[in-house]
Protein chains: 2
Amino acid sequence: MRADYVTRPREQIAGVLRAEPRFLSAAEIHRALEQASARVSLSTVYRTLEYLRSKGDVTERLDEAGESTFMLCEPAHHHHHAICRVCGRVDDVSCAALGQIAESLRATLGFELDGHNMEFLGTCRSCR
Amino acid sequence: MRADYVTRPREQIAGVLRAEPRFLSAAEIHRALEQASARVSLSTVYRTLEYLRSKGDVTERLDEAGESTFMLCEPAHHHHHAICRVCGRVDDVSCAALGQIAESLRATLGFELDGHNMEFLGTCRSCR
DNA sequence: ATGATTTTGCGAATCGTTCGCAAATAAGGC
DNA sequence: GCCTTATTTGCGAACGATTCGCAAAATCAT
């Protein structure tokens, strides 16, 4: 069973995520921990990320190469991301047009929308 | 170098894609070929898919599990997909609002949009 | 502190994908 | 059609990310 034990590894992993507000791979997190002299196994990084994801504390994203990356997130309101290709910085973007899109899909295709993925790529202000 | 030899395996793989207008994994294509008594190696399936993708004949999509899937596509106009969760049927969706979104991102975030991913999931008319 | 339960670390296993290389096949000129 | 040359194929091995099994260590509640 899965419980909510507060452990050193979990705190350290959450700490790395808090320090870098962008999508990080398990390997990147593991490397960051090593550099901070925190000895946490890669398995634990994976398991903790899955744990945080199931709690809704973390968002998972597949990058272009198909690798999983993770970032802390506010599960509250649904939104999308504008991701800088240069530095990885992530800005939240709300999409007001979704209701209209759902309506249009139903009307033109008979398609019942129940989920979507959307993300925007480009260059953020400071990287320009 | 990469050339455009017309070979039996390439025709057979394209045939499978033509017969199933939805996103297929390399393994699914390989299985379909076996069932049709076409002996094509999995490596060749992968290589041919990459070849077709580089020609612009095929679109690649990472599914929820991070596996690559492929579908024939018209490279002509940019569009998005409405994918049925039940049967995998794919309908094209054009997104007229993109220009506005780009403008809004530039104005509010200073973000220079140069790419995006968008897909819509739900249930198609015939699966409802 | 003690005991019950969960988490960790380790290495091995798994799965999709890529690679190296020799054998087979296609294209073009004879 | 046959030969030459360049490309593609099949095979098995290698690879990288992720998962798993299990014994040891850590957490929580008493």
Side-chain angles (χ1 to χ4, degrees), chain A residues 1-18 20 22-71 88, chain B residues 1-18 20 22-71 88:
Chain A
M1 291 297 112
R2 176 133 297 187
D4 287 318
Y5 281 34
V6 176
T7 68
R8 169 91 72 82
R10 284 181 177 178
E11 286 176 339
Q12 291 171 318
I13 290 165
V16 170
L17 287 168
R18 222 173 295 117
E20 294 257 359
R22 57 187 188 88
F23 284 97
L24 299 173
S25 69
E28 283 176 313
I29 294 169
H30 188 240
R31 224 173 296 130
L33 291 169
E34 282 187 332
Q35 288 199 304
S37 309
R39 205 158 33 274
V40 176
S41 78
L42 186 54
S43 308
T44 295
V45 174
Y46 275 106
R47 283 184 292 222
T48 298
L49 288 170
E50 163 55 20
Y51 163 72
L52 293 173
R53 198 190 56 73
S54 73
K55 282 213 308 171
D57 290 351
V58 146
T59 302
E60 181 174 3
R61 165 179 127 88
L62 293 173
D63 70 12
E64 311 67 44
E67 284 185 56
S68 290
T69 58
F70 305 85
M71 188 177 65
Chain B
M1 294 290 113
R2 177 132 294 185
D4 288 319
Y5 280 35
V6 176
T7 69
R8 169 91 72 81
R10 285 181 176 178
E11 285 175 340
Q12 291 171 318
I13 291 166
V16 170
L17 288 168
R18 222 173 293 117
E20 295 257 357
R22 56 189 189 86
F23 284 96
L24 300 172
S25 68
E28 284 177 313
I29 294 169
H30 188 240
R31 225 173 295 130
L33 290 169
E34 281 186 333
Q35 288 198 305
S37 309
R39 202 156 37 271
V40 175
S41 77
L42 186 55
S43 307
T44 296
V45 173
Y46 275 106
R47 282 184 292 221
T48 299
L49 289 169
E50 163 55 20
Y51 163 72
L52 292 173
R53 198 191 56 72
S54 73
K55 280 213 309 173
D57 290 351
V58 147
T59 302
E60 181 173 4
R61 165 180 129 89
L62 293 172
D63 70 12
E64 311 68 42
E67 285 186 55
S68 289
T69 59
F70 305 85
M71 188 176 67

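Since this is a predicted model, take the numbers as computed values, not measurements.
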Next on the checklist: With a 4.5 Å cut-off on side-chain heavy atoms, are Arg22(A) and Glu28(A) touching?
Outcome noted: yes
Next on the checklist: Within the structure provided, determine whether Leu17(B) and Leu52(B) are in side-chain contact (heavy-atom separation under 4.5 Å).
Outcome noted: yes
Next on the checklist: Suppose we call a contact any N or O donor and acceptor under 3.5 Å apart; does that hold for the side chain of Ser25(B) and the base of dG16(C)?
Outcome noted: no
Next on the checklist: Of the options dC22(D), dG12(D), dA17(D), whose atoms approach the side-chain atoms of Ser43(B) most closely?
Outcome noted: dG12(D)
Next on the checklist: From the set dT9(D), dG9(C), dT6(C), return the single nucleotide nearest to any side-chain atom of Ala3(A).
Outcome noted: dT6(C)
Next on the checklist: Between the opening five pairs and the closing five pairs of the helix from dA1(C)-dT30(D) to dC30(C)-dG1(D), how far apart are the helix axes, to 10°?
Outcome noted: 40°
Item to check | Donor-acceptor side-chain pairing of Asp57(B) and Tyr51(B) below 3.5 angstrom | outcome: no
Next on the checklist: Under a 3.5 Å cutoff, is there a donor and acceptor pairing between the side chains of Glu67(A) and Ser25(A)?
Outcome noted: no
Next on the checklist: Counting only side-chain heavy atoms from C-beta out, which of dC10(C), dT18(D), dT7(C) sits nearest to Thr7(A)?
Outcome noted: dT7(C)
Next on the checklist: Treating Arg10(A) as the side-chain partner and Thr48(A) as the backbone partner, does any N or O pair qualify as donor plus acceptor under 3.5 Å?
Outcome noted: no
Checklist outcome for this item: Whichever of Val40(B) and Tyr5(B) has the more 5' nearest nucleotide on DNA chain D, that residue is Tyr5(B)
Item to check | Arg31(A) and Ile29(A), any side-chain heavy atoms less than 4.5 Å apart | outcome: no
Item to check | Nucleotide nearest Arg10(A) (side chain, heavy atoms from C-beta), chosen from dG20(C), dT18(D), dT8(C) | outcome: dT8(C)
Checklist entry - With respect to the side chain of Tyr46(B), which nucleotide from dT9(D), dT18(D), dT18(C) is positioned closest? => result dT18(C)
Checklist entry - Within the pair Ser41(A) and dT8(C), is there a side-chain N or O less than 4.0 Å away from OP1 or OP2? => result no
